[in-house]
Amino acid sequence: SQPPRVDLEVFGRWTQPTRAVFCGRELDPRVSVVASLRNGLAEGRLRGFVGTRSVLEANLSARAPVEEWLVSGPPSTPPEVAGSAVVSNIPFDHLPLICDGAAGAVTVTSTFSGLFGRAPDVQFEAVLPVVEVTGAAPFRLDASGHLTASRAEADARALWPEGERAFASA
């Protein structure tokens with residue numbers, strides 16, 4: 001018999017709620033998900049778009065021996081997931097809801113492995129070169145973090161033109 005094989009494609013688009021008007025809607029935010037299962041490996045790719053510009057890409061993979069699960073039953077815990085994600089310099093005014101109170105752009109990179117397992121490892125870096133929040137002077141924000149099963153670390157630094165005013169490390 002042939003091993004199970006699955007291909008999936010899903011596309012979504014932000015639609016305006018009937019009772020409220022949100023900024024960013026006219027920029028046509030969309031998302032696509034393409035996933036497959038072959039030879040016991042599930043892989044997926046998530047992409048986000050604003051207009052014709054790609055602003056998000058995430059790749060995931062996990063062991064998924066469906067044929068084995070059909071014989072012995074589903075696993076008691078989810079399989080471990082590994083992957084990466086990148087949000088590429090997306091302006092806040094392109095994002096519904098966020099654009100109401102902030103201006104600027106964000107780039108975030110993340111890698112992860114062992115999610116749902118005994119040894120998860122997640123790392124991220126975020127850069128917001130110019131952030132404008134209602135009622136505050138424009139500033140730069142840099143943040144990074146590392147999370148494992150036994151440890152969580154995060155650093156954030158806010159910089160204003162006249163110098164650093166805020167730094168947090170945990």
Side-chain angles (χ1 to χ4, degrees), residues 4-64 66 78-117 119-134 136 138-148 152-159 168 170:
R5 176 180 166 166
V6 177
D7 292 301
L8 171 72
E9 292 187 29
V10 178
F11 301 92
R13 169 175 272 138
W14 176 273
T15 57
Q16 183 174 348
T18 56
R19 296 187 189 172
V21 177
F22 296 108
C23 57
R25 162 69 171 86
E26 68 280 359
L27 297 166
D28 193 26
R30 294 168 290 119
V31 66
S32 74
V33 177
V34 177
S36 66
L37 171 66
R38 293 203 185 13
N39 300 317
L41 180 66
E43 296 180 301
R45 180 178 183 193
L46 169 72
R47 295 186 70 200
F49 301 88
V50 173
T52 59
R53 184 171 170 239
S54 176
V55 294
L56 165 68
E57 185 158 335
N59 296 290
L60 309 168
S61 65
R63 186 177 168 276
V66 174
E80 293 185 10
V81 176
S84 63
V86 177
V87 173
S88 301
N89 196 30
I90 182 168
F92 289 168
D93 64 354
H94 287 33
L95 299 172
L97 305 175
I98 293 173
C99 55
D100 281 333
V106 62
T107 295
V108 179
T109 58
S110 176
T111 58
F112 45 91
S113 62
L115 292 185
F116 308 117
D121 190 290
V122 179
Q123 296 183 48
F124 78 91
E125 289 184 9
V127 177
L128 296 86
V130 179
V131 180
E132 297 180 42
V133 179
T134 305
F139 62 96
R140 175 187 174 96
L141 181 63
D142 297 321
S144 63
H146 187 192
L147 173 69
T148 67
E153 299 173 359
D155 292 305
R157 181 182 310 257
L159 301 160

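All values reported here derive from a predicted model rather than from experimental measurement.
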Exercise for review: From the options V127, V87, I90, select the one residue that forms a side chain to side chain contact (heavy atoms under 4.5 Å, CB included) with V108.
Suggested key: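 With V108 as partner, side chain to side chain contact (heavy atoms under 4.5 Å, CB included) holds for just one option, V87.
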
Check your understanding: Would you say the side-chain atoms of S84 pair up with the backbone N or O of T111, donor to acceptor, closer than 3.5 Å?
Key ->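 Looks like no, no N/O pair under 3.5 Å.
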
Review point. Would you say the side-chain atoms of S110 pair up with the backbone N or O of A85, donor to acceptor, closer than 3.5 Å?
Key: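 No, S110 side chain to A85 backbone: no donor-acceptor pair under 3.5 Å.
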
Point-to-point distance, once rounded to the nearest 0.5 Å, from [atom1] of [X] to [atom2] of [Y]:
X    : Y    : atom1 : atom2 : answer
F139 : R157 : CZ    : CZ    : 14.5 Å
S32  : R13  : OG    : CZ    : 12.0 Å
N89  : L128 : CG    : CG    : 9.5 Å

Using a 4.5 Å cut-off on heavy atoms from C-beta on, say whether the side chain of [Y] contacts that of [X].
X    : Y    : answer
L115 : V122 : yes
V31  : L46  : yes
L37  : V66  : yes
H146 : D121 : yes
E80  : S61  : no
V34  : E43  : no
L60  : F112 : yes
V55  : F49  : no

Considering all heavy atoms of both residues, which atom of [X] and which atom of [Y] are nearest to each other, and what is their separation?
X    : Y    : result
A105 : P129 : O-CD, 3.6 Å
T107 : S88  : OG1-C, 4.0 Å
R45  : N59  : CG-OD1, 3.5 Å

**Study point:** Lys/Arg N to Asp/Glu carboxylate O, D142 vs R140, below 4.0 Å
**Key:**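 A salt bridge links D142 with R140.
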
Check your understanding: Just wondering, are more than 12 heavy atoms of other shown residues or ligands nearer than 6.0 Å to CD in E57?
Key ->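 Result for CD/E57: enclosed.
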
Exercise for review: Start with the C-alpha distance between V86 and L56, add both sets of side-chain angles, then the distance that settles side-chain contact (heavy atoms from CB on, under 4.5 Å), and finish with yes or no.
Suggested key: CA-CA 6 Å; V86 177; L56 165 68; over 6 Å; no

